[in-house]
Amino acid sequence: MLEPALARAAAHGFFIIHLGNGKAAFAALSNHRDVDLQIAYLAEWA
């Protein structure tokens, strides 16, 4: 299900998610320091 994954987005530093046409786009603030955590989260969507 998509909801649990979306609910964790904020904990990984993302503040905007756009969903459409089977794709997702994520936006993060540039001051979020744990980029590895963000990359690991995005890898779940691949």
Side-chain angles (χ1 to χ4, degrees):
M1 278 182 94
L2 212 84
E3 290 86 4
L6 289 174
R8 294 190 338 267
H12 291 84
F14 297 101
F15 71 102
I16 296 174
I17 303 171
H18 294 279
L19 303 172
N21 298 326
K23 297 181 181 181
F26 297 84
L29 296 173
S30 61
N31 64 351
H32 188 77
R33 298 194 185 274
D34 197 348
V35 176
D36 291 332
L37 183 66
Q38 290 176 324
I39 291 170
Y41 174 76
L42 292 176
E44 295 177 25
W45 289 83

Check: Tracing side-chain links under 4.5 Å among I, L, V, M, F, W and Y, which residues wind up in one group with Leu29?
Finding: Phe15, Ile16
Check: Got a sec, which pairs hit salt bridge (charged side-chain N to carboxylate O under 4.0 Å, His left out) with one end in residues 11-22, sequence neighbours left out?
Finding: none
Item checked: Asn31 atom CG: more than 12 heavy-atom contacts under 6.0 Å -> yes
Check: Which atom pair, heavy atoms only, marks the closest approach of Gly13 to Ala28?
Finding: O-CB, 3.4 Å
Output side-chain donor-acceptor pairs under 3.5 Å for residues 33-46, partner residues at least two apart or in another chain, one line each.
{"from": "Asp34", "atom 1": "OD1", "to": "Leu37", "atom 2": "N", "distance (Å)": "3.1"}
{"from": "Gln38", "atom 1": "NE2", "to": "His12", "atom 2": "O", "distance (Å)": "3.4"}
{"from": "Tyr41", "atom 1": "OH", "to": "Ala5", "atom 2": "O", "distance (Å)": "2.5"}
{"from": "Tyr41", "atom 1": "OH", "to": "Trp45", "atom 2": "NE1", "distance (Å)": "3.4"}
{"from": "Glu44", "atom 1": "OE1", "to": "Arg8", "atom 2": "NH2", "distance (Å)": "2.2"}
{"from": "Glu44", "atom 1": "OE2", "to": "Arg8", "atom 2": "NH2", "distance (Å)": "3.1"}

